[in-house]
Participant: 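Just dropping this structure here.
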Amino acid sequence: MAKETYSFTTPIYYVNAAPHLGTAYTTIAADTVARYQRMNGKEVAFVTGMDEHGQKVADTAAAHDMTPQEWCDSMEPAFRDAWKMLDITYTDFVRTTEPRHARTVQHFWNDLYEKGYLYKGAYEGWYCVHEETYYAESDLEKDEEGVFICPDCKRPVQLMASGEENWFFKLSEFQQPLLDFYESHPDFIRPVSRKNEIVSFVSRGLKDLSISRSTFDWGVPLPFDQGHVAYVWADALLAYITGIGYDDPDRPGEFEEFWPMNYHFVGKDIIRFHCVIWPAMLMAAGLPITHTVFGHGFLLTKGEKMSKSKGNALKPADLVGVFGVDAYRYYFMSDVQFGHDGSISMERMVQVYNNELANTWGNLVSRVFNMNKKYFEALVPTVDAEATATFDNPLKEEAAGLYETYDQALEQVDFTQAAAAVQALAARANRYIEETEPFKLAKDPEKADELAFVMYNLLETIRIIALYMAPFAPQTSAEVYRRLGLGDITAVTNIQEASAWGQLPSGNLVETGDPLFPRLDVDAIDLSME
Ligand code: MSP
């Protein structure tokens with residue numbers, strides 16, 4: 001039988017700048033889902049990519065004395081390398097300048113043209129190049145000199161003159177269908193605060209949307225009017241379907257298999273595009289709509305949104321250099337509640353690293369593996385079931401409920417809750433060592449059965465924690481699995497079965513190895529985030 005599918009996207013990132021902590025945050029969240037759903041038996045489609053067209057990228061290229069294409073090509077390694085460094089397992093990386101994507105854009109808009117959803121008209125209004133967004137005058141702000149500025153990025157906006165003829169998409173016709181859709185699909189926009197924002201925005205009325213530009217040519221030409229290129233959002237959103245083989249003769253059946261998707265993961269600043277324009281485009285095309293658009297919050301440093309232009313943006317590589325990839329991933333997923341703005345700081349990263357990874361999880365592994373080496377020559381002990389039948393097994397009990405809690409949390413993309421559940425089991429295991437005192441049991445030959453029982457329980461708990469930590473901290477989980485003599489953790493495709501108690505084979509040789517997370521000395525780290 002074909003596997004069930006699970007499909008989702010990150011935004012298709014603008015290439016005017018290299019990836020930063022904000023874009024890495026969404027991408028890590030998506031990868032955590034990808035890794036979990038694979039372990040949960042799903043066939044995953046995880047689409048990311050680069051948004052290369054539009055005026056912003058063209059301007060950036062010009063500022064670097066390059067053609068737009070040269071600029072985009074020069075940026076590709078920055079994205080691919082960053083995602084490789086962070087162990088991101090996307091299934092497709094779409095560049096919007098690829099011919100296969102131009103085919104999607106042309107096919108899609110031609111279809112809407114033929115269906116009568118487009119018309120040509122004059123547009124006069126305001127445009128922010130940095131946001132690549134049209135604004136009504138009533139939404140603009142003014143700077144100290146009275147110049148209109150963008151309400152989002154506060155940069156001056158451009159007046160688009162009425163001489164420019166554009167193609168318009170009849171977005172206004174979708175006001176009621178969208179409102180009905182939000183009503184009948186309560187999970188479409190999450191978290192709920194963002195849903196309220198979108199419903200109130202759409203309730204105020206929708207204007208038709210200009211989807212083409214003719215004053216510059218850095219974009220996909222519209223097939224029915226070659227002098228026009230698609231507006232950058234009318235282009236980039238479609239990368240989500242290019243990435244699963246829409247209209248691709250080389251990938252038959254794939255689109256039908258993966259569409260509609262489970263999630264689009266986006267930052268809260270781009271939910272209007274995803275929750276208004278995108279579903280209206282899909283409705284017009286007669287395509288089903290993605291199950292959920294999840295608008296996460298912003299990462300804040302010193303109370304402000306991190307951004308390159310404010311000069312407060314650290315690069316992912318800076319943090320990986322200090323903490324390693326797994327701790328980087330774990331920190332952002334466990335400590336910043338997905339959906340809310342979250343303050344990040346080096347101090348807090350060090351704290352989470354030392355408390356949760358070094359002292360709780362890493363220390364558990366070191367202690368148990370070392371004790372087992374001492375007491376059982378590093379072999380997983382054999383438990384005498386009869387002799388230990390009356391012993392309490394609190395770790396088995398605690399582990400039994402983990403799948404349900406964790407699965408529910410991750411289905412809802414509550415990464416913090418899922419990570420906390422695993423952390424609780426690791427903390428419980430450390431407490432179990434204090435309660436059972438294996439070092440005392442080892443001194444008493446009469447307690448040999450009990451010692452084997454205790455050590456087996458600890459090793460088995462470590463095996464189970466490694467499984468559940470794998471989506472968050474893939475390298476260290478793979479290492480623990482390997483040290484337990486269990487082979488390749490990524491081969492696990494049914495985590496529920498694999499995490500059922502008692503599967504660690506007695507007699508496996510356990511390798512002790514170096515600490516997974518050597519403690520960090522806070523005094524030796526530059527905490528400035530600059
Ligand atoms: N190209 C569009 C997306 C097209 S999707 C079809 C775009 N690109 S972007 O490069 O600007 O993407 C930025 C993404 O990063 C957005 O989801 C945005 O919310 C996110 N972040 C940018 N700064 C951020 C923080 N400080 N914190 C968290 N995420 C932030 O928009």
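Ligands are counted one by one from 1 in listed order, and the atoms in each one are counted from 1 as well. One-based numbering along the sequence shown. Because the structure is predicted, anything quoted here is derived from the model rather than measured. Heavy-atom basis, side chains included; hydrogens, waters and symmetry copies ignored.
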Participant: Only one of V57, T67, T60, T96 clears side chain to side chain contact (heavy atoms under 4.5 Å, CB included) with C72; which?
Facilitator: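 Exactly one pass, corresponding to V57.
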Participant: Is G297 close enough to touch ligand 1? Criterion: a residue heavy atom under 4.0 Å from a ligand atom.
Facilitator: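 Under 4.0 Å: yes for G297.
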Participant: For ligand 1, is there an atom lying under 4.0 Å from some heavy atom of Y240?
Facilitator: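 In this structure, Y240 qualifies as a contact of ligand 1 - some heavy atom is under 4.0 Å.
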Participant: Run the numbers for me: atoms of ligand 1, each under 4.0 Å from some heavy atom of A236, listed by number.
Facilitator: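 Checking each atom against A236, I get 6 (C).
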Participant: Can a non-hydrogen atom of T26 be found less than 4.0 Å from any atom of ligand 1?
Facilitator: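 Contact check T26 vs ligand 1: negative.
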Participant: Please determine if K142 forms a cation-pi arrangement with F148, meaning its NZ or CZ atom is less than 6.0 Å from the six-membered ring centre and no more than 45° off the ring axis.
Facilitator: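 Checked: cation-pi criterion met.
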Participant: How does W233 reach ligand 1, if at all, at less than 4.0 Å between non-hydrogen atoms: by side chain, backbone, both, or neither?
Facilitator: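 Looking at W233 and ligand 1, just side chain atoms fall under 4.0 Å.
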Participant: I'd like to check which ligand 1 atoms, numbered from 1 as shown, lie under 4.0 Å from a non-hydrogen atom of G267.
Facilitator: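 With G267 as reference, the close atoms of ligand 1 come out as 17 (O), 19 (O).
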Participant: List ligand 1 atoms under 4.0 Å from D51, heavy atoms only on the residue side.
Facilitator: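 The list of qualifying atoms is 1 (N), 2 (C), 4 (C).
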Participant: Could you give me the CA-CA distance, side-chain angles and deciding distance for R329 and D31, then say whether salt bridge (charged side-chain N to carboxylate O under 4.0 Å, His left out) is met?
Facilitator: CA-CA 10 Å; R329 293 174 55 118; D31 192 64; 2.8 Å; yes
Participant: Applying a 4.0 Å heavy-atom criterion (strictly less than), which segment of H296 is in contact with ligand 1: side chain, backbone, both, or neither?
Facilitator: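 Side chain only.
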Participant: Do W126 and L159 come close enough that some side-chain heavy atom pair is under 4.5 Å?
Facilitator: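 Of all side-chain heavy-atom pairs linking L159 with W126, at least one is under 4.5 Å.
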Participant: Could you tell me whether I270 and ligand 1 have an N or O pair separated by under 3.5 Å?
Facilitator: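 No: no nitrogen or oxygen of I270 is under 3.5 Å from one in ligand 1.
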Participant: Who's closest to atom 2 (C) of ligand 1 heavy-atom-wise, of F332, Y13, Y14, W278?
Facilitator: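 Among F332, Y13, Y14, W278, the closest heavy atom to atom 2 (C) of ligand 1 belongs to Y14.
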Participant: Measure L299 to ligand 1 on non-hydrogen atoms and call it side chain, backbone, both or neither using the 4.0 Å cut-off.
Facilitator: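 Looking at L299 and ligand 1, atoms from backbone and side chain both fall under 4.0 Å.
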Participant: Flag yes if more than 12 heavy atoms outside E256 fall under 6.0 Å of its CD atom; otherwise flag no.
Facilitator: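 Atom CD in E256 is packed in, count exceeds 12.
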Participant: Can you sort out which atoms of ligand 1 are near D269, meaning under 4.0 Å from one of its heavy atoms?
Facilitator: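 Counting from 1, the qualifying ligand atoms are 16 (C), 18 (C), 19 (O).
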Participant: Considering only heavy atoms from C-beta outward, does the side chain of F46 approach that of F265 to under 4.5 Å?
Facilitator: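 Contact flag for F46/F265 side chains = no.
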Participant: Quick one: do S200 and R204 satisfy side chain to side chain donor-acceptor pair (under 3.5 Å)? Show the steps, please.
Facilitator: CA-CA 6 Å; S200 105; R204 293 198 294 272; 3.3 Å; yes
Participant: Can you sort out which atoms of ligand 1 are near L237, meaning under 4.0 Å from one of its heavy atoms?
Facilitator: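 The atoms of ligand 1 under 4.0 Å from a heavy atom of L237 are 6 (C).
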Participant: List every atom of ligand 1 that sits less than 4.0 Å from any heavy atom of H20, numbering the atoms from 1 in the order shown and giving each element.
Facilitator: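 Taking each heavy atom of H20 in turn, ligand 1 has 22 (C), 23 (N) under 4.0 Å.
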Participant: Does any non-hydrogen side-chain atom of L238 lie less than 4.5 Å from one of W109?
Facilitator: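 They are in contact (side-chain heavy atoms under 4.5 Å apart), so the answer is yes.
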Participant: Can you name the nearest heavy-atom pair linking D217 to V229, along with the distance?
Facilitator: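 Heavy atoms only, the tightest pair is O-CG1, 3.7 Å.
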